[in-house]
Every structure is written in C-alpha cells, then in structure tokens.
Amino acid sequence: MKIGLYPGCSLEGSSREYLESLQAIAPVLGLELAEVPDWNCCGASAAHSLNHKLALALPARVLALAEQAGMDKLLVPCSACLNRLSTTRAELIKNEALRREIAEVIELSLTCRTRVTDVLSVLAKATANGFSEKIRQPFARRVACYYGCYLTRPVEGAACRRTEDPQEMDALMKLAGADPIPWAFKVECCGAGLSLSRTSSVAELAGRVVEDAALRGAEAIVVACPMCHTNLDLRRSNIEQNLGTRFAMPVLYVTQVLGLALGIDERALGLHRHEVPVRWEKKANHQDTQAPSEVK
Amino acid sequence: MARIGVFICHCGENIGSTVDCAAVAKAAGELPGVVHSVDYKYMCSDPGQSMIKDAIRTQKLTGVVVGACSPRMHEPTFRRACNEAGLNPFLCEMANLREHCSWVHEKLPDTTAKAIDLVRILVEKVKRNKPLSSIKVPVTKRALVLGGGIAGIQAALDIAGAGHEVVLVERSPSIGGHMAQLSETFPTLDCSQCILTPRMVEVAQHPNITLYTYSELESLEGFIGNFKATIRKRARGVDEKLCTGCGVCTQKCPNKKIPSEFNEHLGTRPAIYVPFPQAVPNKPVIDRDRCTYYSKGKCQVCAKMCPTKAIRYDQEDELITIDIGAVVAATGFTIKGTDFFPEYGYGQYPNVITGLQFERLASASGPTLGVIRRPSDNEIPENVVFIACAGSRDSAKRLSYCSKICCMYTAKHAMLYKHKVHEGRAHVFYMDIRAGGKMYDEFVRRAIEEDQVNYIRGRVSRVFERNGKMIVKGVDTLLNGQSIEIEADLVVLATAMTAQPDAEATAQRMKISYDADHFLSEAHPKLRPVEMNTAGIFVAGACQAPKDIPETVAQASAAASKVVGLFSRSELAREPVVATVNRTAPPLFSTCVGCFLCETACPYQAIERDDIRGRDGQLIRQVAKVNQGVCQGCGTCVALCRSKAIDLQGFTNEQVFAELLAV
C-alpha cells in the first residue's frame with residue numbers, strides 16, 4: 001500500500017520515536033510511506049484560536065502539496081495535525097468560494113482530492129491479512145488503550161466510531177497479543193491544551209488517566225497521539241508528585257507495540273527515548289495477563 | 001361556451017408577499033373562456049367565499065378556479081361554496097399557489113409567471129370538467145383497535161360502550177401494556193395495577209369486544225368504512241377453550257431461567273408463561289424459541305401435568321379476516337436501553353438501569369417485591385443517582401425531542417426511593433424541569449422540599465465502576481459549572497422514549513404517515529390531533545408522540561369519539577374519482593374489446609365483467625366494468641387500456657392532456 005505521510009512537528013521533535021517506530025514497522029506491513037515534500041506547520045492550537053483563514057491556509061498548503069505529489073491518501077499520525085487537516089478539508093469541500101480564496105492565498109492549486117487518514121485506520125487495513133504469521137513475540141500484557149480527544153472528535157468524520165468508547169486501538173492490541181482492559185478513561189482529556197500554560201492542571205488531568213489505568217491492572221498505556229504521550233510520559237514526575245504515588249507504567253505508541261510484537265529491535269522503535277522506562281518486572285502481573293488466545 | 005371564474009387568494013402574507021396576486025388575477029382575466037377574475041386577501045373566509053358565490057350567480061359561471069393553498073387544505077371549502085351557489089362542486093378546481101409556488105420560491109418576476117402558468121393549466125382543465133356526484137358507500141360499524149395498552153383499552157371500552165363492535169388486537173400474550181409494569185403513578189401515587197387491572201377485566205368481559213392477544217395485524221386493505229383486516233393469531237401452544245388458567249404448567253416447567261420481559265429482564269420466567277399474575281387473558285403461552293420440547297423434542301412436562309389436556313404443541317398460526325369500518329392505532333412506544341449510552345457504560349454495568357427497570361424494582365409485584373435492591377448483589381442502595389434526559393433532547397444522539405414524561409417519573413422514582421429507604425440519598429441530574437400539568441409542579445416541589453431529593457442542574461458526562469461503586473461524573477451548572485463526582489450504588493437513567501422498533505413497517509402496512517422519529521403523524525398538529533391523513537384511521541397514545549397516562553387516556557377517548565361519530569352515519573359520501581368504462585346508452589356500445597388487461601392490473605380487484613347482449617338475449621361481447629365502491633381511482637387500468645375505453649372521472653385523458661398543453 002502506497003501512502004503519503006505528513007509527520008508534522010511533533011514527530012520530528014518530542015515524539016520522534018512515533019515516527020521511528022512507524023517507519024520501522026511500515027516495510028513489514030507492506031506500507032510504502034512517502035513524505036510530503038516541503039511541508040509546513042499545520043497551525044494546531046495557535047492558529048485556529050487567532051485567525052480562521054490562517055488556520056485553514058496552513059493545512060491547505062499541506063493538502064495542496066500532497067495533491068501535487070500525486071498522493072491519493074495522506075497518513076497523518078499526529079492527532080492534532082489530523083484534526084486540522086481533516087476539518088480544513090471538510091470545510092473547503094463544503095465551501096467552494098472559500099476553497100478558491102485559500103488556493104489564491106497559498107498560491108497553489110487545490111481540489112482537496114487527497115484524502116486524509118489516521119494511523120489506526122491505516123494499521124487496521126495493513127494488519128487485516130496475514131498479520132499473525134508475522135508475529136515473533138506476542139505483546140502479552142494488559143494494556144489500557146488511550147485515545148484522547150482528537151481521534152473521536154469532531155464526531156462527523158472522526159477516525160473512531162464509538163465516540164465515548166472507541167474500539168479500533170483495542171482491536172489492534174488484540175492482534176498484537178495484548179489484553180486491552182475495559183475502562184472509562186479512553187477519551188478523557190489529558191490536558192494538552194494547558195500543557196505549557198498550566199502544568200498543574202495537566203498533572204491533575206493526566207493523573208486521573210494514569211491512576212485509573214493502574215487501578216485496573218494495566219501494565220502499559222497505549223496511545224496514538226504525541227500530545228497524549230507527552231502528558232502521560234514526559235509529565236509523569238509531575239503526576240506522581242501531585243498524587244504522591246509512583247506508577248511504573250510505561251506509555252507506548254501503538255506503532256511501538258506492533259513493532260515489539262513483530263520482533264523489531266527496541267532501539268529502532270525508539271523505546272529508549274521515553275521518560276518512563278519501558279520495562280516490566282519479571283512476570284509480576286503474569287497471572288492477570290490472559291494468554292494471547294485471540295491472535296489469529 | 002365556457003364561462004370560467006378565477007379567484008386568486010393572497011393567503012395573508014403566505015402567497016401575497018411573494019406572488020403579485022393582482023397581476024395573476026389580471027393575466028387570468030385575459031385567458032380565453034375566463035369571464036371573471038379577482039384577487040382577495042383571504043379567499044377561504046366568509047366574505048371570500050361570498051365573492052365566489054355571488055360571481056357564480058351573477059356571471060353565470062360554468063367553472064371556477066381558485067388559486068390558493070393546497071387542495072388538501074381547502075378544496076372541500078371551495079367546492080362546498082360552489083355547491084351552495086348551484087354549481088356542481090366538481091366544476092371547481094384549485095391551483096396550488098402556496099405549496100407549489102410562493103413557499104418554495106423567492107420573490108421574483110418568475111414566481112408570479114409560474115403562478116399564472118398554474119392558473120392557466122387549471123383553467124384549461126376546468127373547461128373540460130363534467131358535473132359529477134359523490135358515490136355513497138356503506139359503513140361497517142366495527143372498529144379495529146391495534147394495541148392493548150392503556151390507549152387501546154380506553155379506546156376499545158369507549159367505542160364498545162357506545163354500542164359498537166370492537167376487535168382489540170395485542171401482540172404480547174396479555175393486554176395492559178407498559179402501564180401494567182408501573183409501580184405508582186404521578187402525581188397522586190396511586191398504584192398503577194390497581195387502577196388498570198379492572199379496566200383490563202372489563203375489556204375481557206365486554207360483550208362488544210373481541211380480544212385477540214398474541215396476535216398481530218397482517219394486512220389492512222380497503223378504505224374508510226370498508227376496511228378488510230387480516231389478523232395473525234399466533235399459536236399459543238395452548239387450547240384457550242380448555243385452559244382454565246390454573247397455572248400448573250408454569251409452575252412445573254423445568255426451564256425457569258428465561259429473563260422476564262415483563263420485569264425488564266430483572267426477573268425470570270418459565271418457557272410456558274403468563275407475563276404477570278393479573279394478565280388478561282390468564283392463559284399461558286409457550287415460548288417456542290426457548291421451550292425444550294421444540295429444541296430437543298423431549299420434555300412435555302406441561303402436557304403431562306395439565307389437568308384439562310389443553311397443551312397443543314402442533315398448534316399453528318391462524319389468519320382471521322374481518323370487515324372493519326375504522327381503525328384506532330394505539331401501538332405504543334419503547335424506550336432506549338442502557339446499552340444505547342457509551343458514556344454510561346454501554347449496558348455493561350448491572351447497577352446502571354433504566355427508569356422502567358426501576359419501576360419493576362419499586363413495584364410490589366416486581367422481582368424484589370417492592371424493596372429497592374440493586375441488581376449486582378441485591379443490596380439496598382444507599383446512594384442513588386437519577387439522570388434525566390438520557391438520550392432525549394440530544395441531537396448528537398439523533399433524538400432531538402423531549403420524552404415529556406421523564407421529569408415527572410424521575411421525581412416520582414426519587415420520592416419512592418426516599419419513602420422506602422429513609423436514610424438513603426437520592427440525587428437527580430437534570431437540564432430543566434418540565435412539569436406542566438395539573439398538580440405536576442407541586443409534585444416535583446414535594447420531592448425536592450419534603451423528601452429532600454438533591455436536584456443538581458447539570459449533565460452527567462460519564463458513569464463508570466470503581467471498587468464496586470458507580471462513579472458518576474457530572475457538572476453543577478448552578479455552582480459555577482463546578483464538576484462533581486458522586487459515588488453511587490445505583491444509577492437510574494431516564495432513557496428516551498422512542499417509537500416501536502417496527503413502527504415504520506406497521507405504518508406502511510396501514511398506509512399511514514409517520515415522522516422522522518417514526519412516530520405516527522396526525523392529520524393536523526393542532527386541529528386534527530387524533531386523525532391520520534388516511535381517512536378512517538385514528539391514533540391514540542405514545543405511538544404518536546411521547547405522552548403520559550392522563551394525556552393518553554384523553555387522546556384515546558377522543559379517537560373513540562371520532563370512531564363513534566363515523567359510525568353514527570349509515571353511509572359515507574366518496575369522491576367520484578373512479579375509473580369508468582365508456583358505454584353509450586342503450587347499454588350496447590363500448591370501445592372495450594374485452595381483453596381484461598385491466599383486470600390483471602387492478603390492485604384493488606375492482607374490475608368486474610359485464611355481458612353485452614342483443615335484443616334476443618344472445619351474448620354479443622363481454623366487457624369490463626368498474627365496481628365504483630371498490631375502485632380507488634389510481635388510474636393503472638387507464639394507462640393499460642389499449643382501446644382507450646377506460647377513463648378516470650375528474651382526471652380524464654382529455655383533461656390531463658389539456659393541462660399539459662397549457663404549460
């Protein structure tokens with residue numbers, strides 16, 4: 001499957017392991033990723049709270065470049081980028097005059113022909129056939145799939161269907177041999193909007209997520225969004241300080257879990273870059289862990 | 001020579017603000033054959049009608065075209081006016097300048113031009129109209145009431161009480177509907193069963209009511225006064241004549257662990273069962289999907305134990321066809337289950353229940369004998385959270401309407417809980433309290449003030465389980481939007497009231513209209529609230545929209561009075577829009593060649609065969625003849641007739657072509 005890729009800033013900076021792990025598993029899954037040439041910032045957070053047209057023009061330029069490169073489909077792993085690109089596309093398709101105006105601003109032709117897709121959908125398709133044969137080491141752990149807000153919202157055109165209790169990542173985890181827990185914090189806010197301005201709030205909000213996952217015996221939290229990862233992993237010391245407890249529970253990207261199951265080297269998956277070490281005490285929770293019966 | 005009068009109505013602002021009515025009247029006045037053309041603000045008003053009547057008399061009009069609203073709205077009005085002035089009513093036609101023109105276009109010269117076109121079309125038609133007279137049809141004075149809840153029961157009793165026969169059809173094994181499941185009823189807290197069961201018995205004993213339970217309407221044919229209903233009486237597996245209702249079979253049935261529908265799955269029932277002890281009729285039904293005999297071929301315990309040998313495993317469904325004059329649709333409602341709410345756990349938590357389940361917990365005849373116990377461990381809950389508007393008024397859940405009864409029953413639930421568990425704490429999350437009704441607001445105040453129910457204005461974002469407690473996360477909008485968390489033992493969702501899952505199919509079977517939410521659509525929301533657009537079919541209860549018991553009973557009585565009014569006439573006048581086969585008197589000649597393609601085509605079996613005989617009585621030819629009582633005027637036969645011998649009265653080929661050529 002040939003597909004365009006828009007990494008966005010996070011995947012080249014604080015979350016480079018997301019990109020590394022995605023690129024590591026892509027060839028095994030038969031994914032051919034081609035980066036959008038000369039891409040720019042999607043404008044997330046900053047632009048759309050200040051200037052609506054700017055907030056449209058930035059993602060529109062990325063869409064136009066992808067179009068120019070002949071990409072039918074564009075994979076956007078970062079949830080914030082995904083939100084900006086897909087809402088921009090939807091709005092420009094709906095409003096013909098606006099599309100022409102924005103095309104003029106970015107000085108590129110723009111038909112919005114390129115479709116925008118998320119990492120869970122792409123992985124679901126790529127693992128649909130013959131994935132179990134590729135598994136070297138089932139990721140036999142209890143995991144808490146954490147979707148955050150942008151994968152289920154806005155509801156129209158969202159990557160996941162059941163807004164309040166999405167299942168797409170859970171299904172991927174089962175394929176990798178993991179045991180996803182049922183829990184109520186899948187789409188709770190991690191506090192990303194306040195990540196820089198009010199870290200105390202982030203510690204509180206992200207803390208609730210980590211606390212509940214731990215309470216239910218999860219051995220790892222799995223995410224598909226750089227902001228979620230930053231708040232649950234990088235801010236872990238703030239969380240622990242706030243709650244007065246320590247949680248030895250790593251936060252992995254969905255691509256990293258698949259990579260581990262496929263037997264890819266930990267370094268290639270960027271596990272060493274995490275703040276919370278990706279390690280488990282030997283077989284400590286093994287009784288709770290169900291055998292990977294559903295690997296098929 | 002035709003002398004046509006044209007009358008253009010402004011319909012207040014409705015037409016007048018978009019269409020230049022004076023210009024339309026002026027243009028119409030210049031059409032050939034038009035001798036009189038005027039416009040007026042409200043043509044349907046008394047002075048408007050007088051203008052038409054005066055013109056007919058003074059101008060000696062031979063035809064009238066009224067350019068106004070839809071003929072559905074006022075054709076009867078204007079035709080009556082013409083009749084009063086001595087003009088055959090079928091020489092009056094309406095050009096729809098409102099729905100077909102002013103309401104759907106902007107104020108542009110083209111809009112007025114279209115209005116003129118519409119009028120010209122009808123002028124050309126009316127020139128070719130012929131005087132017709134209404135067809136008289138008899139009325140079968142027997143009503144079909146569909147649904148045996150409180151709406152159907154009330155309608156049936158009222159019609160039967162007026163001396164007419166009623167056939168009451170209920171699809172579950174007993175009549176009683178949702179009202180039989182309720183514990184106490186607001187705002188007086190009288191016991192639901194105590195007020196309902198005497199009515200149920202009355203239905204069973206009434207000499208004018210024929211009751212078919214465990215039965216469904218298979219098909220409905222015909223028209224007002226002359227319907228033919230086919231009812232599928234499903235096989236109970238029990239000979240109702242022999243069964244005495246002793247209950248031995250239900251006690252001895254070894255398969256007792258089936259979730260009880262009547263108890264909203266909080267209790268169990270055997271495979272042969274009566275839904276509840278006060279059921280009418282008190283005759284059991286075998287649930288063939290769960291009965292061991294049907295799945296494994298063995299058991300037959302009920303047959304062995306039955307003292308009157310009434311068990312019939314091989315009983316088959318029975319189809320009963322009945323002539324009916326009017327129908328009351330009282331097919332009821334259902335509610336959303338807890339599994340509809342992902343944010344409240346998708347139905348995975350046993351201690352998150354629906355309001356109807358709470359009714360069963362509070363009911364003396366329920367699975368806990370009226371003691372409030374939570375389903376997970378049968379403990380008495382100390383902290384109960386009630387969530388109003390669960391699904392209702394939420395367009396994101398595609399349920400934008402208010403379920404209307406929840407504010408009241410939630411107050412009642414909280415009150416009942418406090419009456420039974422004095423130390424318990426009851427919390428209600430609400431959006432607004434809609435307690436419009438006699439003694440309703442007083443009832444809610446009583447819950448808040450006397451029973452100290454904690455009302456919190458705000459929504460609940462999530463309910464989940466932690467350490468055996470249900471964590472309810474919500475917001476108090478009166479406390480500055482502060483988020484709050486309550487550890488509850490039991491959560492009761494006032495889930496949205498919805499149409500029956502098969503409401504659409506039922507409506508289509510009866511050829512009646514329904515809305516986007518699949519509630520049945522009354523003919524007019526204000527002025528014809530119990531009639532359907534299909535003549536002879538009436539509506540009562542929550543199948544039309546969410547409503548409470550008093551409102552349902554009132555509507556059922558209203559529907560019954562409409563039926564009784566219809567039955568007070570011995571015959572009805574029908575529009576003469578029926579097909580006719582041309583015959584020239586003496587009844588010898590017809591262009592019909594007797595191919596009888598029309599007979600095959602007619603969906604209503606209205607084509608009969610007629611002999612044309614010579615003076616000597618010898619058969620010359622067999623030709624088609626239309627039974628005008630059965631014909632629905634669909635025109636299929638007209639399209640198929642290859643010798644053009646059939647025409648539709650009021651819509652002849654000549655008239656329709658004249659209309660088309662005038663465009």
A.B. asks: Got E343(B) and V187(A) here, is their nearest side-chain heavy-atom distance under 4.5 Å?
C.D. replies: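 A side-chain contact is absent here, since even the closest heavy-atom pair is not under 4.5 Å.
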
A.B. asks: Around atom CD of E485(B), are there more than 12 heavy atoms from other residues, nucleotides or ligands closer than 6.0 Å?
C.D. replies: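 Yes.
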
A.B. asks: Is the CD atom of E99(B) crowded by more than 12 outside heavy atoms at less than 6.0 Å?
C.D. replies: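 For E99(B), atom CD is crowded (more than 12 foreign heavy atoms under 6.0 Å).
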
A.B. asks: If you measure from CZ on R466(B) to CG on D212(A), what distance do you get to the nearest 0.5 Å?
C.D. replies: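 Between atom CZ of R466(B) and atom CG of D212(A) there are 4.5 Å.
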
A.B. asks: Around K125(A), counting heavy atoms of other residues, nucleotides and ligands shown, do more than 12 lie under 6.0 Å from its NZ?
C.D. replies: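 No - once you tally the heavy atoms of other residues, nucleotides and ligands closer than 6.0 Å, there are 12 at most.
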
A.B. asks: Quick one: NZ on K186(A) to CZ on F464(B), what's the gap to the nearest 0.5 Å?
C.D. replies: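 K186(A) NZ to F464(B) CZ: 14.0 Å, rounded to 0.5 Å.
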
A.B. asks: I'd like to know whether CG of N480(B) has more than 12 heavy-atom contacts from other residues, nucleotides or ligands below 6.0 angstrom.
C.D. replies: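 Atom CG in N480(B) is not crowded, with 12 or fewer foreign heavy atoms closer than 6.0 Å.
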
A.B. asks: Look at atom NZ of K107(B) and say whether more than 12 heavy atoms of other residues, nucleotides or ligands are closer to it than 6.0 Å.
C.D. replies: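 Result for NZ/K107(B): open.
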
A.B. asks: Going from OG on S461(B) to CD on E188(A), what distance comes out if it is rounded to the nearest 0.5 angstrom?
C.D. replies: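 Rounded to the nearest 0.5 Å, the OG-CD separation comes to 6.0 Å.
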
A.B. asks: May I ask you to decide if P342(B)'s main-chain N or O and R162(A)'s side chain share a donor-acceptor pair within less than 3.5 Å?
C.D. replies: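 Checking the backbone N and O of P342(B) against the side chain of R162(A), no donor-acceptor pair under 3.5 Å is found.
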
A.B. asks: What heavy-atom pair brings P182(A) and Q348(B) nearest, and what distance separates the two atoms?
C.D. replies: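 That would be CB-OE1, 4.4 Å.
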
